[in-house]
Amino acid sequence: MRLAKNAMTISKTIDQIAQTASLGLSEIFGISIPGDKLTFSPTRKEFAGDYTIVVFPFTRDAKKSPVQVGEELGKYLLDNDPAVEAYNVVKGFLNLSFNPEVWSGFLSGGLKDEKFGSSGPTGRKIMVEFSSPNTNKPLHLGHIRNILLGWSCSRILEYNGHEVIKTQIVNDRGIHICKSMLAWKKLANGETPETAEMKGDHFVGKYYVAYNNLEKEQKKGLPEGEEPTVLSEAREMLRKWEENDTDTRALWEKLNKWVYRGFNETYNSLGVEFDKMYYESQTYIPGKKYIEKGLEEGVFYKKEDGSVWIDLEDVKMDQKLVLRSDGTSVYMTQDIGTAQIRYEDLGVDQMVYVVGDEQDYHFKVLFEILKRLGAPYSDGLFHLSYGMVDLPTGKMKSREGTVVDADDLVEEVVEEIRKNAKERGTLVDVKKEEQEEIFRRLGLGALKYFILKVNPQKRMVFNPAESVDIQGNTGPYIQNAFVRIQSVLRKAEINAPMNYQTAFSKWEPLEKELMSILAQFPAVVKQSGESLDPSALANYSYEVARAYHKFYHDHSILNAETAEVKEFRLALSQMTGKVLETGMGLLGIQMPDKM
RNA sequence: GGUCCCGUAGCUCAGCUGGAUAGAGCAGCUGACUUCUAAUCAGCAGGCCACAGGUUCGAAUCCUGUCGGGAUCACCA
């Protein structure tokens with residue numbers, strides 16, 4: 001059910017006032033400024049008003065002082081726009097107070113709107129690629145940031161009305177997996193993940209480590225620059241693989257299958273899934289086809305040794321190799337091919353690649369190449385680049401064993417929460433199963449929020465101790481606001497969306513502040529979709545929770561002064577719960593009803 | 001060396017399409033539970049927004065330069 005006719009969202013109210021203001025500016029001062037060029041910002045707490053227009057920009061053309069301009073425009077709005085109830089001018093700031101009906105309308109309309117803050121279908125189809133691991137070792141903390149960003153962006157784009165296809169490109173071929181295969185063949189004696197009682201990806205990772213130990217061992221006795229025999233064997237295996245050798249292929253499939261089973265467990269525990277998988281083993285060859293095509297069109301050129309290049313120096317990039325002299329693919333070849341295949345498969349308008357910022361240059365080049373190849377989707381290519389995750393002790397280094405394993409991490413955060421709840425003695429009257437689900441939601445909530453609240457672009461420090469904090473700016477703090485709301489609603493025996501109609505308007509400052517923050521939700525959803533930035537939504541959710549906790553602390557809901565106030569507070573609480581659950585849901589974080 | 005990203009409280013981060021006195025959390029100190037869940041709230045303390053110029057009514061935010069940190073510039077992925 002959509003909004004009732006008379007109910008408007010706050011952003012529509014603002015648009016309307018902007019139109020009126022634009023008219024006023026032209027009538028009073030004869031200046032023409034389109035409504036969407038006016039800046040409206042929520043009025044700062046220390047001043048009276050709901051939204052503020054900055055009038056400095058018009059003072060020159062209006063040939064009047066900022067205060068005069070503010071006064072005259074304010075008067076005009078008061079007279080001509082029913083949404084404006086009062087105004088005041090401080091220096092060059094025109095603070096507008098909305099008609100209380102605007103706010104009541106927001107509350108009743110928002111409660112009725114099943115998908116508050118969402119946008120209708122845009123008809124755009126967007127692919128989001130994330131995770132994209134190698135198949136030789138388990139996922140780690142770095143992948144978690146990637147996965148959470150990809151998942152969250154997908155949800156946000158969907159909520160903004162786009163059709164989203166979540167995908168990844170699995171690096172399932174190459175020397176790395178051959179190394180695991182070789183070590184398994186030499187050392188395993190037929191051991192499997194089942195007999196070893198290990199997750200498949202960890203199991204294969206174990207043999208990758210074993211291979212590296214073997215290689216290190218052999219290197220010791222060798223002169224500088226000479227290749228250890230295991231490395232030659234691994235290369236030989238890769239050659240056989242490329243020749244489609246039956247045994248090699250069978251072994252490869254067996255190990256990869258184990259790995260995928262392991263990955264899927266990790267994805268499940270994180271609560272993510274994909275719509276479509278791509279594998280490099282299937283896309284690395286077709287890539288060459290597009291190189292041929294580009295060569296014919298003169299986008300690429302061939303050197304004497306047969307290697308194929310592109311010259312991007314005119315756009316301040318380098319000469320880039322796109323096909324080796326022996327005719328085999330490089331990374332770039334594959335990515336060109338994969339993009340084309342995906343376009344043909346999915347018909348997407350836009351492709352978002354969630355990949356670490358060490359590949360910024362690679363994607364700059366890739367996008368330029370696709371543009372020159374005339375790809376119809378080339379305007380919709382976006383590299384969602386994110387910074388590395390460091391530990392308080394510095395970088396994660398596999399050689400030093402400081403890499404944080406994804407599965408261990410998830411288990412640890414849940415365990416921390418479990419321990420904490422035991423100490424507190426909460427949830428004692430809740431069934432074991434339900435308890436576990438709550439711990440899982442809280443643990444993952446803490447972890448996910450900790451990572452997603454940081455702007456993707458920035459490198460971040462992952463402090464394991466802080467990631468399971470439950471106080472302050474954390475996931476559980478936000479979840480706690482939701483839990484409090486559910487508890488109140490349960491006691492009030494409200495278990496369906498309220499039909500809030502009362503034209504009550506004597507709001508306490510904290511109530512007004514909360515409402516004002518809630519009203520910003522649609523704009524925040526839109527903005528974080530446009531900038532592909534879940535951190536904006538994360539920080540906003542915290543603002544909502546904080547405002548609610550304050551309100552909850554100072555004002556009694558069930559024992560409110562009058563029935564009217566009580567109903568308003570219940571409606572306000574329900575609306576808050578809705579925004580919190582939706583917003584956190586877009587981050588991939590689930591809310592518990594109790595904690 | 002070229003190019004790109006980052007630099008805000010002791011620590012971790014917001015704020016960056018220019019707007020009012022730069023905000024949170026953690027850590028430290030102080031106070032509030034016969035409760036609608038204290039996993040909460042209130043208070044104290046903590047800042048030359050790396051530095052220097054510029055643009056303008058106005059700069060943490062935009063531009064230039066310097067310094068510091070990181071990434072990248074493979075016939076690796």
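Within every chain, numbering begins at 1; the chains are lettered A, B, ... in the order of the sequence lines, protein sequences first and strands thereafter.
Across all strands, A:Met317 comes closer than 4.0 Å to no nucleic acid atom at all (heavy-atom distances). Nucleic acid contact for A:Gln457: sugar-phosphate only, since backbone atoms but no base atoms lie under 4.0 Å from a heavy atom of the residue. Nucleic acid contact for A:Ile175: none, since no nucleic acid atom lies under 4.0 Å from a heavy atom of the residue. Contacts of A:Tyr542 with the nucleic acid, taken as non-hydrogen atoms under 4.0 Å apart, involve only primed sugar atoms and P, OP1 or OP2. Note on A:His383: nothing from the nucleic acid sits closer than 4.0 angstrom, heavy atoms only. Within 4.0 Å (heavy atoms only), A:Asn480 reaches sugar-phosphate atoms of the nucleic acid but no base atom. Within 4.0 Å of A:Val483, counting heavy atoms only, lies at least one base atom of the nucleic acid. Within 4.0 Å (heavy atoms only), A:Asn95 reaches at least one base atom of the nucleic acid. Among the atoms of the strands shown, only primed sugar atoms or phosphate atoms (P, OP1, OP2) are found under 4.0 Å from some heavy atom of A:Arg459. Residue A:Asn455 is in sugar-phosphate contact alone, with no base atom involved, counting any heavy-atom pair closer than 4.0 Å across all strands shown. A:Thr426 comes within 4.0 angstrom of a nucleotide base, judged by non-hydrogen atoms across all strands. Here A:Lys458 lies in heavy-atom contact (under 4.0 Å) with a base. Residue contacts for A:Val54: at a heavy-atom cut-off of 4.0 Å it reaches a base atom on one of the strands shown. Contacts of A:Lys594 with the nucleic acid, taken as non-hydrogen atoms under 4.0 Å apart, include base atoms.
The separation between A:Tyr51 atom OH and B:G19 atom C1' is 16 Å, rounded to whole Å. Between A:Ile470 atom CD1 and B:C26 atom P there is a gap of 11 Å when expressed in whole angstrom units.
One N or O donor and one acceptor, one from the side chain of A:Thr52 and one from the base of B:A20, sit under 3.5 Å apart.
Remark: A:Leu38 CG to A:Phe58 CZ distance equals 5.0 Å, nearest 0.5 Å.
When both pairing distances are held under 3.5 Å, B:A22 makes no Watson-Crick or G-U pair with any nucleotide shown. Pair assignment for B:G47 gives none, since no Watson-Crick or G-U wobble pairing has each distance under 3.5 Å. Partner assigned to B:C4 is B:G70, using Watson-Crick or G-U wobble distances below 3.5 angstrom. Taking a pair to require two hydrogen-bonding distances under 3.5 Å in either a Watson-Crick or a G-U wobble arrangement, B:G31 pairs with B:C41.
Applying the 4.0 Å criterion to OP1 and OP2 of B:C76, one finds that A:Arg324 has a side-chain N or O inside that range. A close approach under 4.0 Å does occur between a side-chain nitrogen or oxygen of A:Arg60 and OP1 or OP2 of B:C57. Taking 4.0 angstrom as the limit, A:Arg484 places none of its side-chain polar atoms (N or O) nearer than this to OP1 or OP2 of B:U37. Between A:Lys395 and the phosphate of B:A71, there is a side-chain N or O to OP1/OP2 separation shorter than 4.0 Å. Listed pair A:Gln471 / B:U40 meets the phosphate criterion, a side-chain N or O lying under 4.0 Å from OP1 or OP2. Remark: A:Arg490 is not in phosphate contact with B:C36, judged by side-chain N or O atoms under 4.0 Å from OP1 or OP2. Neither OP1 nor OP2 of B:U37 sits under 4.0 Å from any side-chain N or O of A:Tyr548.
The aromatic rings of A:His140 and A:His143 sit tilted, their planes meeting at an angle between 30° and 60°.
Centroid-to-centroid, the aromatic rings of A:Phe382 and A:Tyr353 stay 6.0 Å apart or farther. Aromatic pair A:Tyr331/A:His362: centroids less than 6.0 angstrom apart.
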Would you tabulate the side-chain donor-acceptor contacts of residues 475-486 of chain A under 3.5 Å, counting partners in other chains and residues two or more places apart, or write 'none'?
residue	atom	partner	partner atom	Å
A:Gln479	NE2	A:Arg441	O	3.1
A:Gln479	NE2	A:Gln590	O	2.9
A:Arg484	NH1	A:His549	ND1	2.9

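Counting only N and O atoms by type, the side chains of A:Asn256 and A:Asp172 include no donor and acceptor under 3.5 Å apart. Defined by atom type and a distance below 3.5 Å, a donor-acceptor pair is missing between the side-chain atoms of A:Asp469 and A:Thr474.
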